[in-house]
2 protein chains.
Amino acid sequence: MAAKRVTIHDIAKKLNTTASTVSRALNNHPKISDEMIAGVRKTAREMGYKPNILASNLRNGKTKTIGLIVPRINRYFIADVIAGIESITFPLGYNLIICQSDESLLKEKENIKTLINNRVEGILISLSIETTTPFHLQNIVEEGIPLVQFDRTIAEIPSGLALNDNFGAARQAVHHLAAQGYTKIAHFAGNLNQEIYRSRLAGYQKALDDLGLNRNASWVFYNTILYEPGVEAAHQICAMNDRPDAVFSAGDLSAMGAHATFRENGLNIPRDIGLCGFANEPFTQFVSPGITSINQFGSLLGKAAAEVLFEIIASGSPKITPMPRRIITPELIVRQSTTK
Amino acid sequence: MAAKRVTIHDIAKKLNTTASTVSRALNNHPKISDEMIAGVRKTAREMGYKPNILASNLRNGKTKTIGLIVPRINRYFIADVIAGIESITFPLGYNLIICQSDESLLKEKENIKTLINNRVEGILISLSIETTTPFHLQNIVEEGIPLVQFDRTIAEIPSGLALNDNFGAARQAVHHLAAQGYTKIAHFAGNLNQEIYRSRLAGYQKALDDLGLNRNASWVFYNTILYEPGVEAAHQICAMNDRPDAVFSAGDLSAMGAHATFRENGLNIPRDIGLCGFANEPFTQFVSPGITSINQFGSLLGKAAAEVLFEIIASGSPKITPMPRRIITPELIVRQSTTK
DNA sequence: AAAGCCTGAACAACCGATTGCATATAATTT
DNA sequence: AAATTATATGCAATCGGTTGTTCAGGCTTT
């Protein structure tokens, strides 16, 4: 059983030729006779030859490997993104090394070191929540490794980008709420260290301005994307004198927390209060009333990120001007929670 | 700018020594003087030396790479499993090559070929839905590559295993339903080509027998794990004269379809009909009433699978008797849908 | 028929790290 | 002081492909 791997030298010996000829024959080199090619092919098959990709890569200075760093794999959205990335890299013969930063800057740095040591030909990264400076990313660029940030990104570094149009999507969501007759719109924001949540907040604010609606500072709740903070914020809203009549949340989980809390407090969704989430998690369609949300097309985002990376790789230099970027337009999925 | 990678030869030249000494120094070989070690370390750092893992692996005949084949990455459960696997492999310095079979036997075969060509040191696989014969897996074993199946498995092949106790969990769920006073229990089964769904069905049947309850053949619905089939089956149930008073589904999505359909038809859950799913998808806790389900501990399963693989690898032979296996005990999460 | 050209294959170096064996120098023993 | 042993390093082969250069033999050209 696999006692010993067959090499091109073994094939060469059997055919009384040399390894170089076998190598060229297997690669359809033009200067090898057709009979030789056929013969090598045949015995290679008979002997169960499998090329050693390591040796080939060592010689060629390639690794055919892409590194991927994500905060955590077990989120629906991220899993979808990974699926999209894989669908691009695998057919091209590239391997994917997947690392989790566990939302820790320290682990993210370690991951980067590992990937550099593994001589990956490119790195795809969605930043940890603790990442607010780009210094460790600088290492990647200095090593000459093509870099693409996706979803959670930071600006002060030259890299490819694959992003959702968070600003536009947020703006669209608020416009939708207004079109449904809601005028006092609150926002559950995320951690403003992160670009994506700043963009969603900005989109929300821009829409209010567009519409001439009131920007009430006490209607914006920060760090409110998980379930419990959503419950908490909803309680506060219920207790307000001048209560908002709609919530646009930067995350579905907090929207879900609010959903449950509003109903417990006897508020009817969508009549008394409208509710819109972000991410289109599967549960948004199953609860009753269904929660309007924003589909991020994770798989598309993953594909876009991988494509941008291969663009950079193909260019031969890790630094092109301008660095390529791809913006995915999310889709507003309207459900009962916002349709009066 | 990474113009050129620093090698041990470069370090050797700078120190007027040889590559072998540098190599030994970096590996703390006992016969190298402390000053030499310190000196090499220092200049290595100064020159920005990064070991070329490819060359090292080629020389050692190792690849430090594990292959993973899953039907599809974008399911919550699978993502969780991958996270678990990664948490074991990464700290050990192993890379993961992740492949998706897209539920296709053909792609699964291709994936296996790719992984063998990549000289992975082990393969973790959860089978595609089309896979009913083990012939292609046989190739892996013949190549001497340690193999572990997890979640979706097939019996007729010697391999490590990491499984949920589907039989026991199903049985427990039905016992729970009976304890709540339900006596006419239906089952939504999956595709019986797959061991996991056969086990769940068997656990269901065993529980009925344990309890002396009626095994009514028309109360078992096959290929009913997705949403739409769940809706369909629920309609059929509503139309029955002798209607079941509870459903144990082998999947959460079909349970969700039934949940919606029963309510549309004016049935009260849990009073008129009990409902239990399988997988503990996030939405089961958010809908109202919450759906009792079975938590599969994907992350634990992934860790178990990886650990079993490393056991086999450590044994030095891909075939040990008996092949190691690990059974994860899922947990019944009781919610309102089954508590009268 | 001699010179030149083509074609196809062999030779050998190389990618970068590892390691068994040989060896020079220093340290120890008698 | 000569012989033995230790210690630290150098040498060279190796892992398995790849590729620039060389070379042998047959074919064409004039």
Side-chain angles (χ1 to χ4, degrees), chain A residues 2-41 43-44 47-65 93 116-121 143-144, chain B residues 2-41 43-44 47-65 93 116-121 143-144:
Chain A
K4 198 124 186 319
R5 244 80 194 231
V6 181
T7 74
I8 53 173
H9 296 94
D10 302 326
I11 300 178
K13 204 173 298 166
K14 179 160 258 174
L15 292 175
N16 279 319
T17 178
T18 61
S20 43
T21 302
V22 173
S23 170
R24 285 193 246 257
L26 291 172
N27 290 303
N28 283 318
H29 188 102
K31 290 209 168 176
I32 300 292
S33 66
D34 293 350
E35 315 115 70
M36 182 58 98
I37 292 187
V40 168
R41 278 266 148 74
T43 42
M47 298 177 73
Y49 170 72
K50 305 267 162 45
N52 185 324
I53 297 184
L54 245 66
S56 167
N57 287 344
L58 173 60
R59 175 61 220 243
N60 297 327
K62 300 269 166 200
T63 56
K64 287 287 217 167
T65 299
I116 292 177
N117 280 349
N118 272 278
R119 300 284 199 278
V120 294
E121 291 179 35
E143 287 288 335
Chain B
K4 201 133 183 311
R5 243 81 194 230
V6 180
T7 73
I8 53 173
H9 296 92
D10 301 326
I11 300 177
K13 203 174 298 167
K14 179 159 257 171
L15 292 176
N16 279 320
T17 176
T18 61
S20 41
T21 302
V22 173
S23 170
R24 285 190 253 256
L26 291 172
N27 290 303
N28 282 320
H29 188 101
K31 290 207 169 177
I32 300 292
S33 67
D34 292 349
E35 314 114 70
M36 182 59 101
I37 291 187
V40 168
R41 279 264 147 73
T43 43
M47 299 178 73
Y49 170 73
K50 304 268 160 47
N52 185 324
I53 296 184
L54 246 66
S56 166
N57 287 345
L58 173 61
R59 174 63 219 246
N60 297 326
K62 301 271 168 201
T63 57
K64 287 287 216 165
T65 299
I116 291 176
N117 280 350
N118 273 279
R119 300 284 199 277
V120 294
E121 291 180 37
E143 287 288 335

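Numbered from 1 within each chain, the chains take letters A, B, ... in sequence-line order. Only heavy atoms go into these numbers, but all of them, side chains included; no hydrogens, no water, no symmetry mates. Note that this is a predicted model, so its numbers are computed, not measured.
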For this session: Look at all strands and tell whether A/Lys50 reaches a base, only sugar-phosphate, or nothing, counting heavy atoms closer than 4.0 Å.
Result: sugar-phosphate
Problem set entry | Nearest listed nucleotide, side chain of A/Arg59, among C/dT18, C/dC14, C/dA10 | C/dC14
Seminar exercise, completed: Checking C/dT18, D/dG17, D/dG10 against the side chain of A/Asn52 (C-beta onward), the nearest is D/dG17
Exercise. Any side-chain N or O of A/Thr18 less than 4.0 Å from the OP1 or OP2 oxygen of C/dC11?
Worked result: no
For this session: Side chain of B/His9 only, please: which of D/dA8, D/dC11, C/dA17 is the nearest?
Result: C/dA17
Exercise. Do B/Arg119 and B/Glu143 come close enough that some side-chain heavy atom pair is under 4.5 Å?
Worked result: no
Exercise. B/Asn57 near the nucleic acid: base, sugar-phosphate alone, or nothing, with a heavy-atom cut-off under 4.0 Å?
Worked result: nothing
Exercise. Contact class for B/Asp34 vs. all strands (heavy atom < 4.0 Å): base, sugar-phosphate, or nothing?
Worked result: nothing
For this session: Could you tell me whether the phosphate oxygens of C/dA12, OP1 or OP2, come under 4.0 Å of any side-chain nitrogen or oxygen in A/Ser20?
Result: no
For this session: For the side chain of A/Ala55, starting at C-beta, report the closest nucleotide among D/dT9, D/dG16, C/dT18.
Result: D/dG16
Seminar exercise, completed: Quick note, A/Arg24 side chain, CB onward, closest among C/dT19, C/dG16, D/dT19 is D/dT19
Problem set entry | B/Ser33 vs D/dT7: side-chain N/O to OP1/OP2 distance below 4.0 Å | no
Problem set entry | Residue B/Ile8, side-chain atoms from C-beta onward, closest of C/dT18, D/dT18, C/dA10 | C/dT18
Exercise. OP1 or OP2 of C/dC14 less than 4.0 angstrom from a side-chain nitrogen or oxygen of A/Asn60, does that happen here?
Worked result: no
For this session: Measure from NZ on A/Lys31 to P on D/dT18 and round the result to the nearest Å.
Result: 19 Å
For this session: Let me know the distance between CG of B/Leu54 and C1' of C/dC14, rounded to the nearest Å.
Result: 15 Å
For this session: Check every strand shown and say whether B/Ser23 touches a base, only sugar-phosphate, or nothing at a heavy-atom separation below 4.0 Å.
Result: base
Exercise. For B/Leu58 and B/Glu35, take the nucleotide of DNA chain D holding the closest heavy atom to each; which residue's nucleotide lies nearer the 5' end?
Worked result: B/Glu35
Problem set entry | Separation of atom CD1 in B/Ile11 from atom C1' in D/dT9, rounded to whole Å | 17 Å
Exercise. With side chains defined as the heavy atoms from C-beta onward, is the minimum distance between B/Val40 and B/Ile8 less than 4.5 Å?
Worked result: no
For this session: Please tell me if the side chains of A/Lys64 and A/Ile53 come closer than 4.5 Å, counting only heavy atoms from C-beta onward.
Result: no
For this session: Could you tell me the separation between the CG atom of B/Asn28 and the C1' atom of C/dA17, rounded to a whole number of Å?
Result: 16 Å
